[in-house]
Amino acid sequence: MLRCFCAVVQQGSLNEAASELGRTPSAVSMMLKQFEEHIGAPLFETARKSRLTPLGEMIYSEARREIEHFGRTVAAIEGLSRAEEGQVRLAVTPSVATAILPAVIRHFRRDHPKVRIDMRDMDSGSVQRELEAERADIGIATITVASGFERKLLFSDAFGVVCARDDSLASRGEPVGWGDLAGRDFIANGLCRLIEDPGFAAIRDAALMSVPNTASLLALVRGGVGLTLLPRRAVPQEDAGLAFLPLAESEARRDLYLVSQPRRLLPPSARAFLRVLEAETSDLRGDV
């Protein structure tokens, strides 16, 4: 009724309003009559519907505002359902945030520029807690989660020694053994827990520094404060100040998993992000 009333006011006649609404003039006239009966007062001064009564003027102002609000609401609902709007909540490890997600997010935002992305970087244990508490839609970390989640291996990469480019180990250009790290200033990090080699235990226990944040850790290594162990993809290949050296006596690896709620339970925006993420990382699934 409101839409019919506004169309008649805007078009200035029943015939023009009927054409705009895709109805017959008699149907539009009947609806206006029902509207006036519902209100209990006339809305137009004449039968030609060319001039509003004072009450009609006030009702037209309210009706137009309500129809515009309704249109915005419908557009927002449709935008959410098509992943044109909405939010994606990501919980990821720092190395993923710096090495993998920039390209994924650039691609996603080209097709979904209005979707809000909330990305938080944290250790793997915190990623798991965020997922289980339903504070994140998608998690990327080295984790096992409770049943009911979807989990698949994103990629696996080998650990190596990370040192400054001018370090003696880097200039040697050979794989590094545990004995080469004895007596060196070793900086521990959260991923060291994944290395179970007996030869590494004494090095880890002797560490006088522990830095969980990858960016801070690499800055210290780059500055010559010490060296550390990290998976290959946690170290930017374009960083000229760092060297990544393979281990001679270890096959330790980091398995990184993509975890989410079942896709049917995710909002459309999160499902769309998952599709882009999987497409962008499809070539990473081989071992490195």
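Below, all heavy atoms of this structure are taken into account, side chains as well, without hydrogens, waters or symmetry copies. Worth saying up front: this structure is predicted, and the values here are computed from it rather than measured. This chain uses plain numbering: 1 for the first residue, then up along the sequence.
Looking at Leu131 and Phe149, their side chains come closer than 4.5 Å, going by heavy atoms from C-beta outward. Residues Leu227 and Ile187 form no side-chain contact, since every pair of their non-hydrogen atoms from C-beta on lies 4.5 Å or further apart. Looking at Ile39 and Leu43, their side chains come closer than 4.5 Å, going by heavy atoms from C-beta outward. At a threshold of 4.5 Å between non-hydrogen side-chain atoms, the residues Val176 and Pro246 do not count as touching. You'll find the side chain of Cys163 reaches within 4.5 Å of the side chain of Leu245, heavy atoms only. Using a 4.5 Å heavy-atom cutoff, the side chains of Asp137 and Pro267 are in contact. Looking only at side-chain heavy atoms (C-beta outward), Leu181 and Trp178 come within less than 4.5 Å of each other. The shortest side-chain heavy-atom distance between Met119 and Val92 falls under the 4.5 Å cut-off.
The residues Glu130 and Arg89 are annotated as not salt-bridged, no charged nitrogen and carboxylate oxygen being separated by less than 4.0 angstrom. With respect to the salt-bridge test (charged N to carboxylate O, under 4.0 angstrom), the residues Asp157 and Arg233 do not qualify. One finds a salt bridge joining Asp167 and Arg184 here, because a Lys/Arg side-chain nitrogen approaches an Asp/Glu carboxylate oxygen to under 4.0 Å. For Arg65 and Glu62, the salt-bridge test passes: some basic side-chain N is under 4.0 Å from an acidic carboxylate O. A salt bridge links Arg172 with Asp180: the closest approach of a Lys/Arg side-chain nitrogen to an acidic carboxylate oxygen falls below 4.0 angstrom.
Judged by distance alone, the side chain of Arg232 and the main-chain N or O of Ala158 form no donor-acceptor pair under 3.5 Å. Within the 3.5 Å criterion, the main-chain N or O of Ala279 finds a donor-acceptor partner in the side chain of Ser282. In terms of modelled atom types and a separation under 3.5 Å, the side chain of Gln128 and the main chain of Thr144 share a donor-acceptor contact. In this structure, Thr98 contributes its side chain and Pro94 its backbone to a donor-acceptor pair below 3.5 Å. Using a distance-only test at 3.5 Å, with no hydrogens or angles considered, a donor-acceptor pair links the side chain of Ser171 to the main chain of Ser168. Judged by distance alone, the side chain of Ser29 and the main-chain N or O of Pro25 form no donor-acceptor pair under 3.5 Å. The backbone N or O of Pro231 lies less than 3.5 Å from no partner atom in the side chain of Arg254, so there is not a single donor-acceptor pair. The backbone N or O of Pro42 sits less than 3.5 Å from a side-chain atom of Thr53, completing a donor-acceptor pair. A donor-acceptor pair under 3.5 Å is formed between the side chain of Thr142 and the backbone N or O of Asp255.
Taking NE2 of His107 as the start and CG of Leu101 as the end, the distance is 14.0 Å to the nearest 0.5 Å. Atom CG of Leu90 sits about 11.0 Å away from atom OG of Ser260, to the nearest 0.5 Å. Atom CZ of Arg23 and atom CE of Met30 lie 12.5 Å apart (nearest 0.5 Å). Atom CD1 of Ile143 is separated from atom OG of Ser124 by 6.5 Å, given to the nearest 0.5 angstrom. A distance of 6.5 Å separates CG in Leu191 from OG1 in Thr214, rounded to the nearest 0.5 Å. Interatomic distance, CG of Leu52 versus CE of Met58, reported as 11.0 Å (0.5 Å rounding).
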Intermediate values then yes/no, side chain to side chain contact (heavy atoms under 4.5 Å, CB included), Val115 and Gln87 = CA-CA 5 Å; Val115 173; Gln87 182 181 23; 5.6 Å; no
Verdict with supporting geometry, Glu278 and Lys152, side chain to side chain contact (heavy atoms under 4.5 Å, CB included) | CA-CA 11 Å; Glu278 290 172 334; Lys152 72 176 182 178; 2.9 Å; yes
Would you check, one step at a time, whether the test side chain to side chain donor-acceptor pair (under 3.5 Å) holds for Glu20 with Gln11?
-> CA-CA 9 Å; Glu20 178 188 326; Gln11 297 300 322; 2.6 Å; yes
Start with the C-alpha gap between Val211 and Met209, add the side-chain angles, then the distance that decides, and say whether side chain to side chain contact (heavy atoms under 4.5 Å, CB included) holds.
-> CA-CA 7 Å; Val211 180; Met209 290 187 66; 4.2 Å; yes
Do Ile140 and Val127 pass the side chain to side chain contact (heavy atoms under 4.5 Å, CB included) test, and can you show the C-alpha distance, the side-chain angles, and the key distance before you say yes or no?
-> CA-CA 7 Å; Ile140 305 177; Val127 171; over 6 Å; no
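Within 6.0 Å of the CZ atom in Arg120, the count of heavy atoms belonging to other residues, nucleotides or ligands exceeds 12. The environment of CD in Glu196 is sparse: at most 12 heavy-atom neighbours from other residues, nucleotides or ligands sit within 6.0 Å. Annotation: Glu174, atom CD; neighbour count of heavy atoms from other residues, nucleotides and ligands within 6.0 Å is above 12. Counting non-hydrogen atoms of neighbouring residues, nucleotides and ligands closer than 6.0 angstrom, the CZ atom of Arg263 exceeds 12 such neighbours. When the shell of 6.0 Å around CZ of Arg3 is examined, it contains 12 or fewer heavy atoms from other residues, nucleotides or ligands.
Close placement of the Phe186 and Phe200 rings is indicated, their centers lying within 6.0 Å of each other.
A continuous path of ILVMFWY side-chain contacts below 4.5 Å connects Ile59 to Met1, so both sit in one hydrophobic cluster. Put simply, Ile138 and Phe155 are part of the same group of oily side chains (I, L, V, M, F, W, Y) that touch within less than 4.5 Å, one to the next. Cluster membership for Leu194 and Tyr257, using ILVMFWY side-chain heavy atoms within less than 4.5 angstrom, is not shared. Linking Ile, Leu, Val, Met, Phe, Trp and Tyr whenever their side-chain heavy atoms come within less than 4.5 Å puts Tyr60 and Val28 in one cluster. Residues Phe273 and Leu265 are members of separate hydrophobic clusters, defined by side-chain heavy-atom contacts under 4.5 angstrom among Ile, Leu, Val, Met, Phe, Trp and Tyr.
Shortest non-hydrogen contact noted between Leu153 and Leu256 is CD1-O, 3.5 Å. Looking at every heavy atom in both residues, Asp185 comes nearest to Val225 through CB-O, 3.7 Å. Closest non-hydrogen pair, Leu2 versus Ala63, comes out as CD2-CB, 3.7 Å. Looking at every heavy atom in both residues, Phe159 comes nearest to Leu229 through CD2-C, 4.2 Å. Scanning all heavy atoms of the two residues, the minimum distance from Val221 to Ala164 falls at O-CB, 3.5 Å. Taking every heavy atom of both residues into account, Arg165 and Leu242 meet most closely at NH2-O, 2.5 Å.
Between Thr228 and Asn189, the side chains place a donor N or O and an acceptor N or O closer than 3.5 Å (distance only, hydrogens not considered).
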